Every structure is written in structure tokens, then in C-alpha cells.
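Everything numeric in this text was worked out from a predicted model, so none of it was measured. Lettering of chains follows the sequences in order, A, B, ..., and the numbering in each one begins at 1.
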Amino acid sequence: MPELPEVETVRLSLAEQVLGAEIEGVQVHHPDAVLAPPPGRWQDLLAGAAITGTGRRGKYLFLALHQPNLADDMVLLVHLRMTGRLLVVPGDEPLEKHTHVQIGLSGGRDLRFVDTRRFGRLAVLPMAHLGPVAAAAGLAPSSNDEDLDGGARSSVKEAAAALDWFQVREALPPGLWTLGPEPLSRDFTPSYLARQLEGRKAPIKRLLLDQRLVAGLGNIYVDEALFRSRIHPARSAGSLTRAEIRRLHKAIGQVLQEGIAWRGTTFSDFVDSESRPGDMGRRLQVFRRQGEPCPKCGTTIEKTRLAGRGTHFCPRCQA
DNA sequence: CGTATGCCCTGCGCGC
DNA sequence: TGCGCGCAGGGCATAC
């Protein structure tokens, strides 16, 4: 299940592999995988575009696309959800089952979106319409002024018009516009976290999974951060002391950094764009370790259900 | 507004 | 060996 470290791992490997590549063709094999524009428009819209940048915001991954025909840069938005994979493979490789979108690149390679469970989604939109989200994701538009002469200029269309962006905007996931701060940025401070938790009765785990509070945490890293800060996942958020909030804030940063450093957690599906699994799984201290001894105190790790999710914790360390 | 629930979807592991 | 069932869960619609 790709969370922030897994999405960042995919972004980094994609940047190595496809930055500067040109898109030669697009085939949408499963229409449900694309939110917008309609599947039939992808080929014309993307063919000839160059991949000029990568970005990430929470669990959303972005590729910046520079199409010489268009006045504005575009963005390919990807959410991997549970089992989505973005793979770069030789273009003549047989299509793996559940390959929903196939993007042919210069150099005879394919960028493929493969997703067993079909929860993942792709979209193309004008970069300008991502607004502040684009900047927060680390995307910067490139100018078309330099590579157009007067004749070409008159034929340039705006990406907004080409994409019928009103429809595109309607189709985008609403959660994209309400993401909380990046947990590894300066915006995510202990005092911000304290303000968000103040007076809240909900279990701390449920709030940490809410992308509006902080962007990019999922089930794995929430369980790990709560273990490392010695807080029971069912604790009422408003009952956390200042010391506990400081510990939690620190643990969130550490566990995410560690996840990125080890290139993500692989249980079954997750791989980066070179199909390499991540090594963080063996570093996890409680997630999917029910029945094993707690690495700190030896007590048997338990698994319960909280906020609709499997929840792992040490009943002794996390009082 | 805050919170709880069900849905989407496929593969896998379990019990019989 | 085969079959059916439950589980896995991110995000969102819906209900209260």
C-alpha cells in the first residue's frame, strides 16, 4: 500500500528513468483508470510531449509534461491507491495482466500503469490548474516562449482549452484540494499538530490517517509512528500531553525518512518504477508483526481493528 | 461540523 | 483438490 515513502520512492526512480524522455504514444486499456480527459483524447494530447519534471504531494505523484503544441505545461497526476504500480519496461515486453495505461516513450521503452485492484487513478490537467498544489509538489512550469517562432505561435493552443478544463476539474479527486501539510516540511510543526488535536475526541490513529490533517500517512507508518512515540492508537487525540505530541511529531518524521531511505515497504505489490521492492518491511517494529515479541519489551504484539483498519501495537509500551 | 459505515476491486489464505 | 468465504485498505459518498 503506497504511502508517502513508497510514492516518493517511485518518484525518485521515475526521475532517473524518464526525465527528458518524449512520449510517442498512449494507449488506455481500461477506461476506469483515467479520471480525465476521456480515454480517447490521451493519445492526441500527450504524443510529442516531453517529461520535464516530477513532483509529489502527499500520496499524489505528478509528472510535468511539456507539449510543444500547447502554450501551457500539463501534469500527469497519479494516485496508486492500494496496488497501483508505475513501471518503466522495454516496449516489446508482453503486457502484464492488469496493465491499464501504456505510454510509449522515446528509446523504445514504455511507462506502464499496472493495478491489480483497480483503485488507482490517473489524470491529465493543465499545470496552471493545480495552482498552489503544483508549487507545493515541487513542480515549476517551463516557458514556451523560447522554442516558438512567430508562425508556430499563432497555432499554439492553450492547454486549458485543449483539455476542456472545467470537465477535468470536476473529475479530479476532491481530496487533492484539501491536503494538509507535508509531514517532512517546515509547515508541519509540533504546535500545528497540537492545535489540530486539541479538543478532538476521535482516536489519534483515525486523525493521523486523515489527509486533511497531514498528507501522506497511511496505515503502515501511522502504526509505526504511534509505537515509536509510545502512544496507544485508540487514545483520544485531545488527551495527548504536550510531551506525547512532541514525541509523535518526531516519530512521524523519523519513520517517514527511514521509509524513504530504505525505498519503501513491500508486502506483496509495491515496487518502484524499476520493479525493485523496498527494504523497509524488515525495519517495521509492529506492523503485521502480531504474535511476535515487541522489540523493546518482549510483550506479544497485538492486532485489533480501528477506524476500519488493521491496527498493530504493543499493549505494554503503548499504554 | 464530526463521526461511522459501506463500497470499490482482485488475489490470497483459510477451513472443510 | 476444489470451492466458497473473509480479508486486505485509501478515499469518498452517504447517513446520522
*Give a yes or no on whether R212(A) atom CZ has more than 12 heavy-atom contacts from other residues, nucleotides or ligands under 6.0 Å away.*
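No, the 6.0 Å shell around CZ holds no more than 12 heavy atoms from other groups.
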_Under the criterion ring pair (Phe, Tyr, Trp, His ring centres under 6.0 Å), I'd like the reasoning laid out for F188(A) against H249(A): C-alpha separation, chi angles, the key distance, then a yes or no._
CA-CA 8 Å; F188(A) 185 64; H249(A) 175 270; 5.0 Å; yes
Tell me the interatomic distance from [X], atom [atom1], to [N], atom [atom2], rounded to whole angstroms.
{"X": "L306(A)", "N": "dT5(B)", "atom1": "CG", "atom2": "P", "result": "11 Å"}
{"X": "D32(A)", "N": "dC8(B)", "atom1": "CG", "atom2": "P", "result": "12 Å"}
{"X": "L80(A)", "N": "dA8(C)", "atom1": "CG", "atom2": "P", "result": "22 Å"}
{"X": "R117(A)", "N": "dG9(C)", "atom1": "CZ", "atom2": "P", "result": "9 Å"}
{"X": "R85(A)", "N": "dG11(B)", "atom1": "CZ", "atom2": "P", "result": "11 Å"}
{"X": "I204(A)", "N": "dT3(B)", "atom1": "CD1", "atom2": "C1'", "result": "15 Å"}
{"X": "L207(A)", "N": "dG2(B)", "atom1": "CG", "atom2": "P", "result": "10 Å"}
{"X": "R206(A)", "N": "dG9(C)", "atom1": "CZ", "atom2": "C1'", "result": "16 Å"}

*How do A202(A) and K97(A) order along DNA chain B: which one's closest nucleotide is nearer the 5' end?*
A202(A)
So [X], base contact, sugar-phosphate only, or nothing? Heavy-atom distance under 4.0 Å.
{"X": "R288(A)", "answer": "sugar-phosphate"}
{"X": "G310(A)", "answer": "sugar-phosphate"}
{"X": "R305(A)", "answer": "sugar-phosphate"}

*asked:* Does a side-chain N or O of K201(A) approach OP1 or OP2 of dA4(B) to a distance below 4.0 Å, or not?
replied: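 So the side-chain polar atoms of K201(A) never come under 4.0 Å of the phosphate oxygens OP1 or OP2 of dA4(B).
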*Would you say dG11(B) has OP1 or OP2 under 4.0 Å from some side-chain N or O of H98(A)?*
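Result: yes.
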*Complementary nucleotide of dT1(C), counting Watson-Crick and G-U pairs under 3.5 Å*: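 Because no pair has both required distances under 3.5 Å, dT1(C) counts as unpaired.
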*From T299(A) OG1 over to R316(A) CZ, what is the distance, rounded to the nearest 0.5 angstrom?*
5.0 Å
_Hydrogens and angles aside, do D73(A) and H66(A) bring a side-chain donor and acceptor to less than 3.5 Å of each other?_
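Yes.
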*Of R228(A), R230(A), K250(A), R235(A), which is the lone residue that meets salt bridge (Lys or Arg N to Asp or Glu O under 4.0 Å) with E244(A)?*
R235(A)
Listed pairs under 3.5 Å, donor-acceptor, residues 285-298 of chain A side chains, sequence neighbours left out:
from: R289(A); atom 1: NE; to: L284(A); atom 2: O; distance (Å): 2.5
from: R289(A); atom 1: NH1; to: E292(A); atom 2: OE1; distance (Å): 3.2
from: R289(A); atom 1: NH2; to: G281(A); atom 2: O; distance (Å): 3.4
from: R289(A); atom 1: NH2; to: R282(A); atom 2: O; distance (Å): 3.3
from: R289(A); atom 1: NH2; to: L284(A); atom 2: O; distance (Å): 3.3

_Ion pair check, E182(A) and R56(A), cut-off under 4.0 Å_ = yes
*Sugar-phosphate atoms are those with a prime plus P, OP1 and OP2; base atoms are the rest. Using that split, label each nucleotide of nucleotides 10-16 of chain C B, S or - for protein heavy atoms under 4.0 Å, 5' to 3'.*
BBS----
